[in-house]
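The next block holds one structure in the form of structure tokens; read it before the comments.
Model, not experiment: these values are computed from the prediction.
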Amino acid sequence: LLDPSPQPSQGGNSPRVSPGSSCSPASAPPGMLSDEFDGDFLSGGGGGGSASSAPTCIAARIVRTEEQLSVMMQKYTVYVIEVSDFGKSAEVPHRYSDFEGLHRSLLQDCPNVRLPNLPPKGVDGSDAAVVASRKVELERMLRAMLTSQDVIMEKNLHLWKFLNLTNPAIISNRFVAAPRWRGRTVITLAKLVTDEKYKNDMYRLGHDQVVDVLSEGLRALRSDDTGSDHWAQGGRSALCQ
């Protein structure tokens with residue numbers, strides 16, 4: 001389950017990645033494994049992919065800001081992110097410094113990724129005009145991350161941890177957003193059906209984009225129109241499940 005050098009679906013070319021980059025296929029980072037699903041998930045992902053825009057079933061928008069007090073009684077602003085996970089929503093709060101850390105980590109681990117610049121630092125972070133401007137720019141940055149192949153497949157899961165998303169959510173999104181890895185990700189995706197402990201995660205399989213991809217794979221199998229490079233060949237058994 002923890003193959004340190006996973007291959008894309010049959011016939012596909014390996015993604016171009018930088019040596020030593022976290023966007024390259026690699027073994028699971030320490031402390032990330034909690035069960036077999038996580039093991040498959042991490043070994044099946046991790047590929048760099050192209051920098052082109054990717055479809056996504058996960059969305060994020062900043063719905064409001066809140067002013068809070070630190071333990072030192074200093075005011076700071078929290079940006080509340082509404083995360084849509086295949087149609088189900090939850091809120092995740094973050095400070096500007098959290099966005100800054102996410103941006104820095106992704107640029108370090110994925111040097112080829114193109115992201116919008118962060119809003120300027122060194123200004124009054126509690127000023128209403130500054131907060132309003134940052135809200136727009138930080139949301140733009142999140143949208144760019146969610147549609148970047150490099151960020152979606154990055155092995156340290158910086159964005160997914162930031163958005164507080166589970167591995168079933170990530171692997172389901174990768175199945176849609178990273179076509180060349182579908183032959184691997186569909187195998188893990190099948191566990192949402194076969195493993196009882198993931199019954200609360202099965203709803204993602206009913207999402208329109210997931211259904212469209214699964215249906216396309218089934219049609220290809222039924223018509224025997226799957227060449228050696230078609231993802232359904234590598235995940236035939238899982239796809240039928």
Side-chain angles (χ1 to χ4, degrees), residues 2-32 38 40-62 81 83 94 96-121 134 136-165 167 169-186 188 209 213 229 231 234:
L2 292 177
D3 177 8
S5 55
Q7 300 297 317
S9 53
Q10 293 181 355
N13 295 324
S14 298
R16 295 180 181 178
V17 295
S18 302
S21 167
S22 293
C23 292
S24 60
S27 57
M32 282 303 300
D38 294 349
D40 274 359
F41 156 71
L42 287 163
S43 66
S50 68
S52 60
S53 179
T56 180
C57 300
I58 294 173
R61 65 190 185 103
I62 300 175
I81 307 166
V83 181
H94 280 293
Y96 173 83
S97 58
D98 298 330
F99 286 90
E100 186 179 31
L102 172 64
H103 192 269
R104 181 174 57 251
S105 295
L106 287 173
L107 290 180
Q108 287 175 348
D109 288 352
C110 296
N112 295 325
V113 72
R114 295 181 179 180
L115 297 176
N117 293 328
L118 277 168
K121 199 175 180 181
R134 280 183 172 179
V136 172
E137 293 183 59
L138 292 173
E139 184 172 308
R140 183 182 299 119
M141 184 182 77
L142 286 175
R143 288 200 302 268
M145 292 176 178
L146 282 167
T147 55
S148 165
Q149 287 270 332
D150 285 333
V151 175
I152 289 171
M153 300 304 296
E154 181 267 321
K155 74 180 179 67
N156 286 324
L157 312 181
H158 292 303
L159 177 61
W160 310 124
K161 293 175 185 177
F162 183 86
L163 296 178
N164 198 29
L165 288 166
N167 283 348
I170 305 166
I171 196 66
S172 299
N173 188 64
R174 284 180 167 180
F175 175 69
V176 171
R180 74 173 60 202
W181 292 97
R182 282 178 186 154
R184 292 293 300 261
T185 53
V186 70
T188 309
Q209 292 192 53
V213 176
D229 60 344
W231 67 269

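In this structure Val213 satisfies the side-chain contact (heavy atoms from CB on, under 4.5 Å) test together with Phe175, Arg182, Trp231, sequence neighbours excluded. Residues meeting the side-chain hydrogen bond (donor to acceptor under 3.5 Å, both in side chains) test with His103, sequence neighbours left out: none. Every residue was checked against the salt bridge (charged side-chain N to carboxylate O under 4.0 Å, His left out) condition with Arg104, not counting sequence neighbours, and none meets it. Residues passing the ring pair (Phe, Tyr, Trp, His ring centres under 6.0 Å) test with Phe162, sequence neighbours excluded: His94, Phe99.
Considering every non-hydrogen atom in both Cys57 and Asn173, the closest pair reads N-OD1, 2.9 Å.
A heavy-atom distance below 4.5 Å is not found between the side chains of Arg174 and Trp181. Between Thr188 and Thr185, every side-chain heavy-atom pair lies at or beyond the 4.5 Å cut-off. Under the 4.5 Å side-chain criterion, counting only non-hydrogen atoms from C-beta, Leu165 is not in contact with Leu157. Residues Leu138 and Leu118 have side chains in contact (heavy-atom distance under 4.5 Å, counting atoms from C-beta outward).
For the atom pair CG of Leu102 and CG of Leu163, the computed distance is 8.0 Å after rounding to the nearest 0.5 Å. Atom-to-atom distance recorded for Thr147:OG1 and Ile152:CD1 is 7.0 Å, nearest 0.5 angstrom. Note that the CG atom of Asp109 and the CG atom of Asn156 stand 5.0 Å from one another [nearest 0.5 Å]. Atoms CG and CG, on Leu159 and Asp150 in that order, are 12.5 Å from each other to the nearest 0.5 Å. Atom CG of Asn112 sits about 13.5 Å away from atom CD of Gln149, to the nearest 0.5 Å. For the atom pair SG (Cys110) and NZ (Lys155), the distance works out to 10.0 Å, reported to the nearest 0.5 Å.
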- Message: One pair to check against side chain to side chain contact (heavy atoms under 4.5 Å, CB included): Val83 and Asn164. What are the steps and the verdict?
- Response: CA-CA 9 Å; Val83 181; Asn164 198 29; over 6 Å; no

Show me the donor-acceptor pairs within less than 3.5 Å that the side chains of residues 139-146 make with the rest of the protein, sequence neighbours left out.
residue: Glu139; atom: OE1; partner: Ile62; partner atom: N; Å: 2.9
residue: Glu139; atom: OE2; partner: Arg143; partner atom: NH1; Å: 3.1

